[in-house]
Amino acid sequence: MSAQNAKPAERNIILIGMPGAGKTTVGRALSALTGREFYDSDTEIERREHMPCAQIFGVMGEAYFRAVERDVIAELTRRSGVVLSVGGGAPLLCADLLRRNSVVVYLWRDLAAIAASLEGESRPLTRSLEDLRRQYDARHGVYEDCAHVVAENASDVQTVAEQVLAAVQPHLAARLLVINGPNLNLLGAREPDVYGAATYDDLVELIATSAAGLGVAVDCFQSNHEGALIDAIHETAGEFDGIVINPGAYTHYSYAIHDALKSVPVPAVEVHISNVHTREDFRHKSVTAHACRGQIVGLGFFGYVAAMEYLLNEVQK
Ligand code: DQA
């Protein structure tokens with residue numbers, strides 16, 4: 001496996017939800033079920049501050065607690081392949097961190113069950129059922145926006161852990177490789193009237209942001225050399241679940257790239273930034289598209305995002 005085509009880092013499973021939703025308990029069961037390490041952000045905060053969370057809230061104030069929490073979550077989300085449960089306020093504060101290299105699960109639980117489980121506990125910001133309801137109303141939408149998956153905690157812990165695992169599996173499984181061929185490294189500078197002003201780095205950034213949004217792992221590879229593109233395609237076997245490919249001008253004549261795509265059991269989607277059909281005649285023909293599930297042309301960078309979404313759906317089938 002070449003360096004530029006290394007295996008994507010294994011994504012974390014992150015549990016978010018209301019205080020008392022069962023994130024820590026389900027997180028531990030999920031850890032036992034998968035063999036992944038388990039971390040709980042509140043426990044890490046307490047370890048770091050040598051004080052229970054409720055006391056940090058009371059003595060140092062919420063702003064201080066949130067700053068420490070963001071710091072701790074930034075550190076924990078740099079790990080890969082772990083199960084992590086985070087405090088109920090975390091998605092309001094750092095949804096960006098939670099979604100990087102992770103599949104985020106919103107563990108939903110009936111408020112009466114939450115209230116019952118919190119009885120006798122001293123947790124910050126949750127005192128009565130009315131408090132809980134107010135907090136739920138303010139947070140539910142934020143949790144939904146932050147999560148890739150919503151799972152209900154309405155059963156015994158083992159069953160819920162199994163349900164969560166089944167729900168995150170397609171996201172964990174989806175590993176995509178985006179391949180760009182010759183001259184696409186010069187996007188931004190190259191014929192901006194045709195390809196736009198955005199650069200290749202902008203494209204990579206858009207792909208990374210979209211990947212985080214979809215909860216899939218995506219690597220990007222670009223080369224101006226046919227052989228390197230063929231090697232990258234070969235190396236997807238067993239490592240990636242889908243290929244998004246813009247072969248550049250090779251589209252129009254590289255039977256070798258066509259054959260490489262045919263040689264691996266990985267579905268591919270061909271993307272062209274420009275509408276090749278409104279351009280010179282030689283661009284109307286693609287010899288590589290025959291080896292792909294489909295072709296997206298003329299939609300600019302959005303074509304890559306649409307192709308990723310299609311391939312994620314294929315993995316989920
Ligand atoms: C392209 C179209 C090709 O014809 C051209 O050679 C490219 C870019 C596109 O993305 O529109 O290099 O693939």
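Since this is a predicted model, take the numbers as computed values, not measurements.
Between Arg36 and Arg11 the shortest heavy-atom distance is NH1-O, 2.8 Å. Of all heavy-atom pairs between Gly188 and Pro192, the closest is O-CB, 4.0 Å. Here the shortest heavy-atom pairing between Tyr200 and Cys220 reads OH-CB, 4.0 Å. When all heavy atoms are compared, the tightest approach of Ala228 to Ser223 is CB-OG, 3.3 Å.
Within 6.0 Å of the CD atom in Glu75, the count of heavy atoms belonging to other residues, nucleotides or ligands does not exceed 12. No more than 12 heavy-atom neighbours from other residues, nucleotides or ligands sit within 6.0 angstrom of CD on Glu205.
Residue Leu93 is found outside any hydrophobic cluster, as its side-chain heavy atoms come under 4.5 Å of no other Ile, Leu, Val, Met, Phe, Trp or Tyr. Cluster note: Phe38 groups with Ile13, Leu15, Val26, Leu30, Leu33, Val83, Val103, Val105, Leu107, Val149, Val157, Val160, Val164, Leu165, Val168, Leu172 through ILVMFWY side-chain heavy atoms spaced under 4.5 Å, whether in direct contact or through intervening members.
Note on Arg70 versus Asp96: salt bridge recorded, some NZ/NE/NH1/NH2 to OD/OE distance being below 4.0 Å. Between Arg134 and Asp137, none of the side-chain N atoms (NZ, or NE/NH1/NH2) sits under 4.0 Å from a carboxylate O, so this pair counts as no salt bridge. In this structure, Arg47 pairs ionically with Glu44, as a charged nitrogen and a carboxylate oxygen lie closer than 4.0 Å.
Here the OG1-CD1 distance, from Thr236 to Ile243, works out to 3.5 Å after rounding to the nearest 0.5 Å. One finds the CG atom of Leu176 at 7.0 Å from the CG atom of Leu312 (value rounded to the nearest 0.5 Å). To the nearest 0.5 Å, atom NE2 of residue His272 and atom CG of residue Leu299 are 12.0 Å apart.
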Notebook entry, point to check: Does the pair Arg133 and Glu130 meet the rule for a salt bridge (Lys or Arg N to Asp or Glu O under 4.0 Å), with working shown?
Noted result: CA-CA 5 Å; Arg133 202 174 305 281; Glu130 291 77 71; over 6 Å; no
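Glu226 and Ser254 are linked by a side-chain donor-acceptor pair at a separation below 3.5 angstrom, with hydrogens and angles left out of the test.
Cation-pi geometry between Arg293 and Tyr310 is not met at under 6.0 angstrom from the ring centre and within 45 degrees of the axis.
Here the side chains of Ile45 and Phe65 are in contact, with some heavy-atom distance below 4.5 Å.
Taking the six-membered ring where the residue is Trp, His252 and Phe282 present perpendicular rings, their angle passing 60° and hence far from 30°.
Among residues two or more places apart in sequence or in another chain, the side chain to side chain donor-acceptor pair (under 3.5 Å) test is passed with Tyr136 by Trp108, His140.
With Arg100 contributing its side chain and Ala212 its backbone, the two residues share no donor-acceptor pair below 3.5 Å.
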